[in-house]
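As the structure is a computational prediction, the values presented were derived from the model and not from experiment. In what follows, chains are A, B, ... by sequence order, proteins preceding strands, each numbered from 1. FYI, side chains are in, hydrogens and waters are out, and symmetry mates aren't considered; it's all heavy atoms of this structure.
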There are 2 protein chains.
Amino acid sequence: MNLTQLRFVREAVRKNFNLTEVANTLYISQPGVSKQIKELEDELGVEIFERRGKRLTGLTDPGRQLVPVIERVLTDIRNLKQIAEQFSKQDHGQLSIATTHTQARYALPAVVRSFKERYPKVHLALHQASPQQIAEMVARGEVDIGMSTEALDRHPDVVTLPAYSWEHCVVVPEDHPLANVATLTLDAIAEYPIVTYERGFTGRSKIDEAFAAAGLEIDVVLTAIDADVIKAYVEAGFGIGITASMAFDPVRDRGLVRLPAGHLFTTNVTRIGVRRGGYLRGFARDLVQLIAPDTSIADLERFSNGGRSDKEEEAL
Amino acid sequence: MNLTQLRFVREAVRKNFNLTEVANTLYISQPGVSKQIKELEDELGVEIFERRGKRLTGLTDPGRQLVPVIERVLTDIRNLKQIAEQFSKQDHGQLSIATTHTQARYALPAVVRSFKERYPKVHLALHQASPQQIAEMVARGEVDIGMSTEALDRHPDVVTLPAYSWEHCVVVPEDHPLANVATLTLDAIAEYPIVTYERGFTGRSKIDEAFAAAGLEIDVVLTAIDADVIKAYVEAGFGIGITASMAFDPVRDRGLVRLPAGHLFTTNVTRIGVRRGGYLRGFARDLVQLIAPDTSIADLERFSNGGRSDKEEEAL
DNA sequence: TATCCTTACGGAATTCGTAAGCATG
DNA sequence: CATGCTTACGAATTCCGTAAGGATA
């Protein structure tokens, strides 16, 4: 048994049991993958993969039990490398973050500035993706840290921590009838066509829930992934916008008015997530604290060991 | 990085950083070990071992962090094999138990009989050792199950479960003055020379504690590891014996009398232990239930996953 | 001086890629 | 008939043992 074989098995599961794809992503010949997997199965004395004729179609019964342990082994192997880097490249290295447009554009710049001051030699890689994709990337260990308001804490292989809360606001052109109302109501908003986030992005779910609970039908004429696009369409007169409050900049967004809407929609909690069982290097832990300053040391400890059990926390 | 390198590191720690011994126990040449360890260190970019000149003397700072993870990886690799065996050799295989003389001689025969009936093809290997050795053997994964009244639950890498409780008794020749007393007292026992277990064996600690608490000095003239030896010396008139109650057989031990002493010494709890993080095959779980029939299913579940966290229990 | 680790080199074993063959949808 | 897995074989790489050298207690 060797680690290469375990990696092939993991990748085969991820690639839906297509060994040709496995071979391509791991830069190896396809017969090599076949042979190694067969050898692993021979050594273990069980078939890991269900086969229909020559094709692999799924996991066998033993396979279903083996794969999670294989995943854990490979996570730990990665942890070994991370721990070593912690010492060898003290304040150097790569740190990759997957996040949504909203966080990357409005929440992270300040954080990144302080981080870069403290760790000038760490290369920060910001990957923009959808909340679902972010959760997947974290779970697979493709990025160190994920940050998103949605989906992140739904994934079983991701451990999350609340980073900060924020509220929605309504954005209208300054000559809009709503621009001067004292207190905004859901009914008032529902009168107008709405431009807001796509489903699954930046608290969109909270918006829909609020109107649904009030029994109101809304006319969403346009959806976008980011507030910049939304504001552009509001400016162009397509409707009124509902965005994250921090996406509004009074100076830059001249011609638009922001109306507080925190009392209308549930408060949103943006969460930060890491891979369960993963290990966070020192500068990654520091970044977590910059993003979520209210985190207690105990939380952070648990977090940086990827939410392992007590016993295993000690071990790391 | 490969598993061989990790095994070398683990063994080096176990063998007190003597690579020559590592080479011998793993049946490989000594330069091979040196080279592989150096290559692992090169790849990780840190030194795992502290060196004085050419000799290894201990773990470095990174080494101390890496070793527990390495141990976990190797445990999981072993788990993979065990899980596979669970399927491939359904009711076949090896099951090794480390236990003291007392358990092997008096508690286990009945259990082994039922087990063999249920699993005739499983080869049972009984290793006799001291409680400390048993704990070590379990922790290292040299045996599947350990059983002992002492020391077992002191080891951090062993998870234990109570198996059964038992009491001590006093054994005297039938013509001894104590043979006919109504209720035995510690004072009465302390009058005579005593033959009993060695320190660290079969509840000896409880015996010492009882006399110490009563402020009595006792004259232990002879100690042994097993009750058969103790009884032989009692018969030969060296003194009165204190043994485990179940070690007395009225038929076989003709000429001796057993006096109940449960009211004098703390009740003993024999525990059964497995390696933390280890995986128990089906027949091993069944053996645990035969030994400790009062175990709840929930306890057993936790036990057979070696006391891992909830998340990891699911995984197995 | 005996023990223990490292370096150097040659042979053995393993791994890996190419090419050809065969099954599946 | 295009996709996907297996088998076969030769090349390349890696691994491992022996032998010699050097450091430590």
Side-chain angles (χ1 to χ4, degrees), chain A residues 1-60 62-63 66-67 70 73-74 77 80-81, chain B residues 1-60 62-63 66-67 70 73-74 77 80-81:
Chain A
M1 190 181 331
N2 60 51
L3 294 172
T4 311
Q5 293 167 340
L6 301 186
R7 287 201 187 91
F8 289 176
V9 171
R10 176 177 66 177
E11 204 58 33
V13 174
R14 288 186 178 175
K15 288 283 169 355
N16 264 100
F17 316 107
N18 183 329
L19 297 193
T20 307
E21 271 192 64
V22 171
N24 291 336
T25 51
L26 299 182
Y27 304 107
I28 197 173
S29 74
Q30 184 274 319
V33 176
S34 276
K35 190 143 178 291
Q36 289 294 334
I37 284 184
K38 185 167 297 253
E39 265 171 24
L40 177 61
E41 290 182 324
D42 279 354
E43 183 180 344
L44 290 178
V46 293
E47 301 223 309
I48 298 172
F49 296 104
E50 202 80 67
R51 289 164 168 85
R52 193 186 337 271
K54 285 194 171 182
R55 313 213 166 175
L56 309 203
T57 56
L59 288 171
T60 59
L66 290 168
V67 165
I70 291 175
V73 168
L74 295 173
I77 294 297
L80 288 175
K81 291 175 185 166
Chain B
M1 192 182 326
N2 61 52
L3 294 173
T4 311
Q5 294 167 339
L6 302 186
R7 288 201 187 91
F8 289 176
V9 170
R10 176 177 67 177
E11 204 57 33
V13 173
R14 288 186 178 174
K15 288 284 169 355
N16 265 101
F17 315 107
N18 183 328
L19 298 192
T20 307
E21 272 193 63
V22 171
N24 290 337
T25 50
L26 298 181
Y27 304 107
I28 197 172
S29 74
Q30 183 274 318
V33 176
S34 275
K35 189 143 179 291
Q36 290 294 333
I37 284 184
K38 186 166 295 255
E39 265 171 25
L40 177 60
E41 290 182 324
D42 279 354
E43 183 179 345
L44 290 178
V46 293
E47 301 223 309
I48 298 172
F49 296 104
E50 203 80 66
R51 290 166 168 83
R52 190 183 345 266
K54 284 194 169 180
R55 313 213 166 176
L56 308 203
T57 56
L59 287 171
T60 60
L66 290 167
V67 165
I70 291 175
V73 168
L74 295 173
I77 294 297
L80 288 174
K81 292 175 185 166

Exercise for review: If a pair satisfies salt bridge (charged side-chain N to carboxylate O under 4.0 Å, His left out) and one of its residues is in residues 22-40 of chain A, list it, with sequence neighbours excluded.
Suggested key: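 Counting only pairs at least two positions apart or across chains, the salt bridge (charged side-chain N to carboxylate O under 4.0 Å, His left out) contacts touching residues 22-40 of chain A are A:K35-A:E39.
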Point to revise | Summary of salt bridge (charged side-chain N to carboxylate O under 4.0 Å, His left out) pairs that have at least one residue in residues 15-26 of chain A, sequence neighbours excluded | key: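 Of all non-adjacent pairs touching residues 15-26 of chain A, those that pass salt bridge (charged side-chain N to carboxylate O under 4.0 Å, His left out) are A:E11-A:K15.
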Nearest-Å distance for atom pair [atom1]/[atom2], residues [X] and [N]:
X	N	atom1	atom2	result
A:M1	C:dT14	CE	C1'	17 Å
B:I28	C:dA13	CD1	P	14 Å
B:L56	C:dT3	CG	P	18 Å
A:Q5	C:dT14	CD	P	12 Å
B:R52	C:dC4	CZ	C1'	14 Å

Point to revise | Shortest non-hydrogen separation from B:V73 to A:V73 and the atoms involved | key: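 Nearest pair, atom of B:V73 first, then A:V73: CG1-CG1, 4.0 Å.
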Check your understanding: Choosing from C:dA19, C:dC5, C:dT3, which nucleotide comes nearest the side chain of B:R55?
Key ->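 The answer is C:dT3.
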Kindly write out the residues that satisfy side-chain contact (heavy atoms from CB on, under 4.5 Å) with [X], not counting sequence neighbours, or none if the list is empty.
X	answer
A:N2	A:T4, A:Q5, A:Q36
A:R55	none
A:P62	A:V46, A:T60, B:F87

Exercise for review: Could I get the full list of side chain to side chain donor-acceptor pair (under 3.5 Å) partners for A:Q30, not counting sequence neighbours?
Suggested key: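 By the side chain to side chain donor-acceptor pair (under 3.5 Å) rule, A:Q30 matches A:S34.
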Point to revise | Contact check, side chains of A:L26 and A:V33, non-hydrogen atoms, under 4.5 Å | key: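 A:L26 vs A:V33: side chains apart.
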Exercise for review: Give me the one residue out of B:L3, B:V13, B:V9 that meets side chain to side chain contact (heavy atoms under 4.5 Å, CB included) with B:I70.
Suggested key: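 Option passing the side chain to side chain contact (heavy atoms under 4.5 Å, CB included) with B:I70: B:V9.
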Review point. Does any residue of residues 34-51 of chain B have a heavy atom under 4.0 Å from DNA chain C, and if so, which ones, in number order?
Key: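 Result for residues 34-51 of chain B: B:S34, B:K38, B:R51, sorted by number.
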Exercise for review: Enumerate the residues from residues 10-24 of chain B whose closest heavy atom to DNA chain C is under 4.0 Å, giving them by residue number; use none for an empty result.
Suggested key: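 Those residues whose heavy atoms fall under 4.0 Å from DNA chain C, taken from residues 10-24 of chain B in numerical order, are B:F17, B:N18, B:L19, B:T20.
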Exercise for review: Name the first nucleotide and the last nucleotide along DNA chain D (5' to 3') that come under 4.0 Å of a heavy atom in chain B.
Suggested key: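 With heavy atoms of chain B under 4.0 Å away, the range is D:dC15 to D:dA25.
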Review point. So how far off straight is the helix from C:dT1-D:dA25 to C:dG25-D:dC1, going by the axes through five pairs at either end, to 10°?
Key: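 Computed angle between terminal axes is 40°.
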Practice item. Could you give me the CA-CA distance, side-chain angles and deciding distance for A:L66 and A:L59, then say whether side-chain contact (heavy atoms from CB on, under 4.5 Å) is met? Key: CA-CA 10 Å; A:L66 290 168; A:L59 288 171; over 6 Å; no
Practice item. Can you tell me which residue pairs pass the ring pair (Phe, Tyr, Trp, His ring centres under 6.0 Å) test with a partner in residues 13-57 of chain B, sequence neighbours excluded? Key: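 Only B:F17-B:F49 qualify under ring pair (Phe, Tyr, Trp, His ring centres under 6.0 Å).
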Practice item. Looking at every strand, decide which applies to B:G53 at a 4.0 Å heavy-atom threshold: base, sugar-phosphate, or nothing. Key: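 Sugar-phosphate: the residue B:G53, judged by heavy atoms under 4.0 Å, touches backbone atoms but no base.
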Practice item. Scan for side-chain hydrogen bond (donor to acceptor under 3.5 Å, both in side chains) pairs involving residues 42-52 of chain B, sequence neighbours excluded, and state none if there are none. Key: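 Of all non-adjacent pairs touching residues 42-52 of chain B, those that pass side-chain hydrogen bond (donor to acceptor under 3.5 Å, both in side chains) are B:E41-B:R51.
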Review point. Quick one: does A:N18's side chain have a donor or acceptor within less than 3.5 Å of a partner on A:T20's backbone?
Key: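 Pair found, side chain donor or acceptor close to backbone of A:T20.
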